[in-house]
Each structure stands twice: as C-alpha cells, then as structure tokens.
Amino acid sequence: MADDLSAVAHFLYEAGTLKHSRRTGWWMAGVNDPESVAEHSWRTSLIASIIAKLEGADPARASFLAVWHDTQETRTGDVNHLGKKYATSVDPQAVTADQTAGMPDVLASAIQELVAEYEGKDSPEALCARDADKLECMLQGIEYKAQGYAAAQRWIDNSRARLTTETGRRLADELLGQGTLDWLRAAMGEKG
C-alpha cells in the first residue's frame, strides 16, 4: 500500500543508530571517543548550506544532500579510508535501495535520487555537500588537535587538500587561521 509507513518507521529507528556510531578514522589519531556519524552529518549539513549559498547554489538542496550522505553507515558502519582500501564493494546507492525498500514510492525514489546525486557529483549542490563533508572533517581535526591529539594533523591536511570549491578553500583557510575559542572571545567582547 502506497501510504503504509511501516518501512519509514523502521528506517527512523535505524537512522537513530547513527547517534551511537563513531567515526572510526579518529581512533587512528588516538581519539578515544570520537564524534558520532550523526554529529558529523549535522555539522556537515550546516556547512553545506553555507558553502552553497556563497557559491550561488541552492543551500537547502546542498544541506538536504549532506543530511543523507552517510545514512548508509547504519548498515555498513563508518568505513574509514584505510578500510575502503579493502572493503571496495560497498555501494551507497545499493545500500540506500535496501534501506528504502517498502517505503512509499515517492519517498523511496526521492531518497535514492539524493544519494545518487551526491555520489555522482552531478550538481553544484552535490559538490558543495561533498566539500562540506571534507571541511567538517578538517574542522573536527582542528578541534581534536586543540584537545591534544597531534596526529589529527593528517586529517586536517588531507581534508584541506581535497576541497574543490572556492568557498570551501577560503573557509578552510579562515578556520586554520583561527583558534577554536576565538568565537567565544568575540562573543564576549574580549580583545584578541
């Protein structure tokens, strides 16, 4: 039945597991309790809307793509770059098709199209969302480095090098030039 929402309800419970799924690459940097996939996706969606707006793309669409970009990790786990060297058969579009099976067609096809657009880099919004993913990783690395995890520098450098949009690169340079608490000093009216 087209209006049966049981598969949607299942997916919503499934999506909740991302709040507990840790971003595994950070363990190699010595971070004992890295952020969750859900935390990463939330800030990625904010960054995507910012990059898209400044790039002249649709910020809502870019943010929407970013929200869905790691939802497959409910089934695959967060496979870091080293793991991807060995686990090459994971196809985000195939996982998404399985996740959306049984959902109303209008919803399933919309989600599948979002993931295909993101994976295919088929639009300016997808490019902004992909840069947001890298920029969020870089920003998290800066924060971990400030907490004493010196090995996070590798993630900072690799993420910065993979940015493709002008806004993403400029924003990265700005982030690299600031301290993690400069925003608080500014909000408090303190002189730098």
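Keep in mind that this is a model prediction, so the values were computed, not measured.
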Only counting residues at least two apart or in another chain, list the ones meeting side-chain hydrogen bond (donor to acceptor under 3.5 Å, both in side chains) with Asp58.
none

Residues which pass side-chain hydrogen bond (donor to acceptor under 3.5 Å, both in side chains) with Thr96, listed by chain and number, not counting sequence neighbours:
Gln72

My understanding is that only residues two or more places apart in sequence, or in another chain, count here; which of them pass side-chain contact (heavy atoms from CB on, under 4.5 Å) with [X]?
{"X": "Ser159", "result": "Cys137, Met138"}
{"X": "Lys121", "result": "Leu127, Arg130"}
{"X": "Ala52", "result": "Ala57, Pro59, Ala62, Cys128"}

Are any of the side-chain heavy atoms of [X] and [Y] separated by less than 4.5 Å?
{"X": "Gln93", "Y": "Gln112", "result": "no"}
{"X": "Thr100", "Y": "Phe11", "result": "no"}
{"X": "Arg169", "Y": "Glu174", "result": "no"}

What do the steps show when you test Leu171 against Leu54 for side-chain contact (heavy atoms from CB on, under 4.5 Å), and what is the final call?
CA-CA 10 Å; Leu171 189 51; Leu54 295 174; over 6 Å; no

How close do [X] and [Y] get, heavy atom to heavy atom, and via which atoms?
{"X": "Phe64", "Y": "Leu114", "answer": "CE2-CD1, 3.4 Å"}
{"X": "Glu55", "Y": "Thr167", "answer": "OE2-OG1, 2.6 Å"}
{"X": "Thr164", "Y": "Asp131", "answer": "N-OD1, 2.9 Å"}
{"X": "Thr44", "Y": "Ala132", "answer": "O-CB, 3.4 Å"}

Do other residues, nucleotides or ligands put more than 12 heavy atoms under 6.0 Å from Arg75 CZ?
yes

Please report the interatomic distance NZ(Lys19) to OG1(Thr17), rounded to the nearest 0.5 Å.
10.0 Å

To the closest 0.5 Å, what do you measure between CG (Leu175) and OG1 (Thr180)?
11.0 Å

Set of residues satisfying salt bridge (charged side-chain N to carboxylate O under 4.0 Å, His left out) with respect to Asp173, sequence neighbours excluded
Arg160

Checking His40 against Asp78 for the side-chain hydrogen bond (donor to acceptor under 3.5 Å, both in side chains) test, could you report, in this order, the C-alpha distance in whole Å, the side-chain angles of both residues, the deciding distance, and whether it holds?
CA-CA 11 Å; His40 162 73; Asp78 176 53; over 6 Å; no

For a side-chain contact (heavy atoms from CB on, under 4.5 Å) check, start with the C-alpha distance between Ser41 and His69, then their side-chain angles and the critical distance, and finish with the verdict.
CA-CA 8 Å; Ser41 294; His69 88 281; 3.8 Å; yes

Glu143 with Arg43: basic N within carboxylate O range, under 4.0 Å
yes

Would you mind checking if Asp33 and Arg22 are paired as a salt bridge, meaning a charged N to carboxylate O distance below 4.0 Å?
yes

Determine, step by step, whether Asp70 and Arg23 satisfy the side-chain contact (heavy atoms from CB on, under 4.5 Å) criterion, reporting the C-alpha distance in whole Å, the side-chain angles of both residues, the deciding distance to 0.1 Å, and the verdict.
CA-CA 11 Å; Asp70 278 343; Arg23 303 247 306 149; 4.1 Å; yes

Is the ring pair Trp26/Tyr144 parallel, tilted or perpendicular, if the boundaries are 30 and 60 degrees?
perpendicular

With side-chain contact (heavy atoms from CB on, under 4.5 Å) as the test, would you mind laying out the steps for Asp133 and Tyr118 before giving the verdict?
CA-CA 11 Å; Asp133 181 38; Tyr118 179 86; 3.6 Å; yes

Apply the side-chain contact (heavy atoms from CB on, under 4.5 Å) test between Gln99 and each candidate in Val115, Thr71, Ile111; give the one that qualifies.
Thr71

Evaluation steps, salt bridge (Lys or Arg N to Asp or Glu O under 4.0 Å), between Glu117 and Arg61:
CA-CA 11 Å; Glu117 180 180 341; Arg61 180 76 178 176; 2.4 Å; yes

